[in-house]
Amino acid sequence: KAGVTQTPRYLIKTRGQQVTLSCSPISGHRSVSWYQQTPGQGLQFLFEYFSETQRNKGNFPGRFSGRQFSNSRSEMNVSTLELGDSALYLCASSPGASGRDYYNEQFFGPGTRLTVL
Amino acid sequence: TQLLEQSPQFLSIQEGENLTVYCNSSSVFSSLQWYRQEPGEGPVLLVTVVTGGEVKKLKRLTFQFGDARKDSSLHITAAQPGDTGLYLCAGAQGTYKYIFGTGTRLKVLA
């Protein structure tokens, strides 16, 4: 089974620009989560999508948004980039099934390294 | 707000030594995962523990979930240079949202 793919792997932008990152989950997985990883804050949850709907959201400003397509691929958008948005953005794929005793295992992609100048 | 504290933050040991990494919280988690991450790559899932008191072994790695499901530990026996990396624990809040720990950076010297 192919793993989670993220494109692009590296990106350099300037302040004020916007950026779109893409994530293709493992085949059959319907849940995609996005995380931001920085040396100071560690790994922080941005949001999670399941069946094209945002199901969970972290504590990030509205400049961070996402969407999921019918084939489960997901995109994340950051508008009006700030220097502090420089980070490794990670996408995680999971089956997304529900149920009281069910737990979802997450599988991460390699990430997109965003540098804001 | 950081809910999961890992200790130690940094660890540098010689090949063959044993070590334990701790992951502590005041919150109860429905499950807890451990990952290892190498520079420039995404975290790789090592194990998921679900039941309080559960112990899982993965070759030289032993994972334990606390009885109250608030804490966990990772013990590595006879560490090897290939064990070098950033170890992260992640607690599940509900089914779909994970809170990650602060991370433990391990370096094993040959």
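FYI, side chains are in, hydrogens and waters are out, and symmetry mates aren't considered; it's all heavy atoms of this structure. None of these values were measured; they are calculated from a predicted model. Quick note on labels: first sequence line is chain A, next is B, and so on, each numbered from 1.
- Heavy atoms of other residues, nucleotides or ligands lying less than 6.0 angstrom from NZ of A:K57 number more than 12.
- Aromatic pair B:Y98/A:Y35: centroids not less than 6.0 angstrom apart.
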A:Q41 and B:T102: CA distance, side-chain angles, deciding distance, side-chain contact (heavy atoms from CB on, under 4.5 Å) verdict
CA-CA 8 Å; A:Q41 298 297 319; B:T102 47; over 6 Å; no
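- Taking CG of A:L43 as the reference point, atom CG of B:L86 lies at 8.5 Å (rounded to 0.5 Å).
- Taking hydrophobic clusters as Ile, Leu, Val, Met, Phe, Trp and Tyr residues chained together by side-chain heavy-atom distances below 4.5 Å, A:L83 shares a cluster with A:L21.
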Applying side-chain contact (heavy atoms from CB on, under 4.5 Å) to A:L90 and B:Q37, what does each step give before you reach the verdict?
CA-CA 12 Å; A:L90 293 160; B:Q37 185 179 20; 4.2 Å; yes
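- Cluster annotation: A:L88 and A:L11 are assigned to distinct hydrophobic clusters (Ile/Leu/Val/Met/Phe/Trp/Tyr, side-chain heavy-atom contacts under 4.5 Å, transitive).
- Taking OG1 from B:T48 and CD from A:Q106, the interatomic distance works out to 9.0 Å, rounded to the nearest 0.5 Å.
- If you look at B:Y35 and A:F108, their ring centroids are closer than 6.0 Å.
- The heavy-atom pair separating B:G40 from A:R9 by the smallest distance is O-NH2, 3.2 Å.
- Of the two parts of A:Q6, neither the backbone nor the side chain holds a non-hydrogen atom closer than 4.5 Å to a non-hydrogen atom of chain B.
- Annotation for B:R60: atom CZ counts as buried by contact number, over 12 foreign heavy atoms lying within 6.0 Å.
- When the shell of 6.0 Å around CZ of B:R105 is examined, it contains 12 or fewer heavy atoms from other residues, nucleotides or ligands.
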